[in-house]
Structure formats: C-alpha cells, structure tokens
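Per chain, numbering begins at 1; letters A, B, ... match sequence-line order.
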Number of protein chains: 2
Amino acid sequence: MVFKSDNDFQMMKTTRSPHTVKTVKSVHAVLEALQQVNHATAQEITDWLSVSKRDNEISLTSVYRALNHLVGKAEVKPLNFNDGQVRYELNTQKMHHHHFVCTQCNHVQVVDVCPFEQILDTLRSTFLIQYHNFEVIGLCESCQN
Amino acid sequence: MVFKSDNDFQMMKTTRSPHTVKTVKSVHAVLEALQQVNHATAQEITDWLSVSKRDNEISLTSVYRALNHLVGKAEVKPLNFNDGQVRYELNTQKMHHHHFVCTQCNHVQVVDVCPFEQILDTLRSTFLIQYHNFEVIGLCESCQN
DNA sequence: GGCAACCATGAAAATGATTTTCATTTACAG
DNA sequence: CTGTAAATGAAAATCATTTTCATGGTTGCC
Ligand SMILES: [Mn+2]
Ligand SMILES: [Mn+2]
Ligand SMILES: [Zn+2]
Ligand SMILES: [Zn+2]
C-alpha cells in the first residue's frame, strides 16, 4: 500500500514542539541503506542494515514503516519490476533515470537519460523489448482540492 | 510471477497434434472479460465473468493461470499502479497507451499518445505529478542467446 | 466403442509480501 | 523525576498469488 493520508505513519511531530523533530532511527537507517543498495526490497534493506551493523539494525517492520513514510514524502520512489515485490530507490532528482529489466536474468540496466525521445529506439539495438510500463502517479485535478 | 518458461502453463498443445489446439475455455473467457473491463485485477475479471454468466464462469485459479499464459504470449500486459495488486490489459498495439493514476481517488486517466515527447508537460497543467515509473521489460543482450 | 495419455479445471492449502496489533521501550516536556 | 506520546519489534493477520491434488473432459488410436 502506498499509504494514504489516514494512518499516515504517526506524523513524526504531532503535538510535540517543532524543534523536537529529529531524524527517527528507522528512517535514517533506511535512507542510509538506500544510498548503498539501490532498487532494494524491504527485506534487502533490512539485511543490509543487519550486516553493516552499527547502531542501525532495525526490524523488517520498521523498515516497511520508514519506507511508507518516505514514499509519502516523495523522498523515496517505489519501483515495480513485475517480480512480485516492491523495490525502492531514492527520489533525488539528480539521479533521475529509468530501468530496463531483463525478464530472464533480472539484470537491471539503468538509463540515465529521461527525455524519453528516442530511448526506445536506441534501446532496441541491444535489448529485446517485450513490453514497457509508463505510469505517472499523482493527483488528478479534482483531488488537488 | 510473470511466469518464466519452466512451468510454462502446460503448453496447451505438447504432444497432441497441432490442429488440436483450441481456445481453452479460461483463456477465451479472460480475453473476453478484458475487452469489457480494462485495467482489471484477476479478482475483478473473475467477478465480471460470474456476473455476465453464460458458459464462461471460471475459478479465480483458472483466471490466474490464463492471465499468466497470456502475459507469457504477450497478448496481455501486466500493469502496476502501486496499489498492491497486478492489473491487466490487452496488449493490442492499436490501443497502446499509458496511464495517469490518482493516488487519492484511484482514477485512471488514459493517455492515448505514446511518443512521450511533451506528455509530461501537457499533463502538468491539470495533474499534480508525484512521480512516474517507466520500466521497459524484455531480454538483455546476453539473454537473447 | 473402449482405452490410455494428456490436459483443463477448481477447491483447498501453501506461500510470500506487506500490514496490523499489541505490548514494551524510548524520548521529550514540564 | 513523571507523565504522555511516539517509536519499535514480535507475532499475528491480511491479502494477492501460486501450488498441490484430485477429478473429469478430450483426443487420438485400436
Ligand atoms: Mn534506479
Ligand atoms: Mn490502459
Ligand atoms: Zn538477461
Ligand atoms: Zn483524484
């Protein structure tokens, strides 16, 4: 679930005075993990944190919570490679890019151009395209209030 | 699972003589359903078939099997709107298009242009883009044998 | 027709990813 | 300190999808 606004991850500040807001452990840990392992699943993030153990080992549950929080704040982007689990990556505009996923070896080729122009044609020389997904997620006119 | 070639949906003809191949009930039913309800989940397809009941009512299990078969043959395309379930649509090139999914009301706006050019800019006038996914699925060079 | 192999189907069980619940700990404000 | 609210993790619950298994239907052949 991309987590709507209702149970919105216990807002991280609520009634507490503003200066109280600090980097919650799990959120910080997940961000750190995602800088190291890109396109990672929640489980992979948890594993990475438990291996490179400092004060950062957190539970799978908390990883999911932090990920949902970060997706809600658009700091992290969920990815679907149609392999049955959600993958995540940092949503820094600097490294905006797309993916070519091999359905056989699962290799992910990063394409760091975005203006889609002739991407597909360029790609077709080496990659056998079976299909592509292009989904834009956001708020429609009426939902923007 | 997008179903690799291993357990490949019991090939539908195998040792039987070629002319034996006929439209298996569940595959036919699913195709018919997808012509009526676009972007449908397996459950929605099953529901539609049970409502518009003729000789087409089939089990959820068979719907999944037929969908995996059709995806493998590229007749059906799986879609991910990041809502936790896979949606499907016919892969006829004639109606090739993309989607804008509202994360609040789940409304799906169909965009029937594909040459991506200024799609995003055009969209931005009415749609508040939170993020977009563009994934190309296929076979990398080494996997094409 | 009758037989044998093969295949399609559905019900129920199993899986696997993700979310929820609940009890416990931690952190801060006063 | 002390009380309140947030953060956390373990276990249970969900939920979509796959697998297993038993059964009945087709097909090709004698
Ligand atoms: Mn990436
Ligand atoms: Mn569509
Ligand atoms: Zn490959
Ligand atoms: Zn909307």
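Candidate nucleotides C:dT18, D:dT20, D:dT17 were compared by shortest atom distance to the side chain of B:V86, and D:dT17 ranks first. Distances were taken from every side-chain heavy atom of A:V24 (C-beta onward) to each of C:dG10, D:dT8, C:dT18; the shortest belongs to D:dT8.
Rounded to the nearest 0.5 Å, atoms CG (B:L70) and CG (B:L34) are 8.0 Å apart. Considering CG of B:L49 and OG of B:S26, their distance stands at 10.0 Å, rounded to 0.5 Å. Here the OG-CZ distance, from B:S59 to B:R65, works out to 6.5 Å after rounding to the nearest 0.5 Å. Rounded to the nearest 0.5 Å, atoms OH (B:Y64) and CD (B:Q43) are 7.5 Å apart. Between the CG atom of A:L31 and the CG atom of A:L90 there is a distance of 6.5 Å, given to the nearest 0.5 Å.
Spacing between atom CZ of B:F81 and atom P of D:dA16 amounts to 16 Å, rounded to whole angstrom units. The distance between atom CG of B:N82 and atom P of D:dA16, rounded to the nearest whole Å, is 16 Å. Taking atom CG on B:L49 and atom P on C:dT9, their separation rounds to 12 Å, with Å as the unit. Distance CG (B:L67) to P (D:dT19): 15 Å, rounded to an integer number of Å. For the pair A:R65 CZ and C:dT20 C1', the interatomic distance rounds to 9 Å; values are reported in whole Å. Between B:L60 atom CG and D:dT18 atom C1' there is a gap of 11 Å when expressed in whole angstrom units. In this entry the distance linking CG of B:N80 with P of D:dA16 reads 14 Å, nearest Å. To the nearest angstrom, P of C:dT25 lies 14 Å from NZ of A:K25.
Residues passing the side chain to side chain contact (heavy atoms under 4.5 Å, CB included) test with A:Q36 are A:W48, sequence neighbours excluded.
With the 3.5 Å cutoff on both pairing distances, Watson-Crick and G-U pairs in DNA chain D assemble into runs of at least 3 at C:1-30 with D:1-30.
Among residues at least two apart or in separate chains, salt bridge (Lys or Arg N to Asp or Glu O under 4.0 Å) pairs with a member in residues 33-50 of chain A are A:E44-A:R87.
Within the structure, a side-chain polar atom (N or O) of B:N68 is placed less than 4.0 Å from OP1 or OP2 of D:dT18. A close approach under 4.0 Å does occur between a side-chain nitrogen or oxygen of A:Y64 and OP1 or OP2 of C:dT18. Residue B:S26 has a polar side-chain atom (N or O) positioned under 4.0 Å from OP1 or OP2 of C:dT9.
Residue order along DNA chain D, read from the 5' end via each residue's closest nucleotide, puts B:Q85 first among B:Q85 and B:T61.
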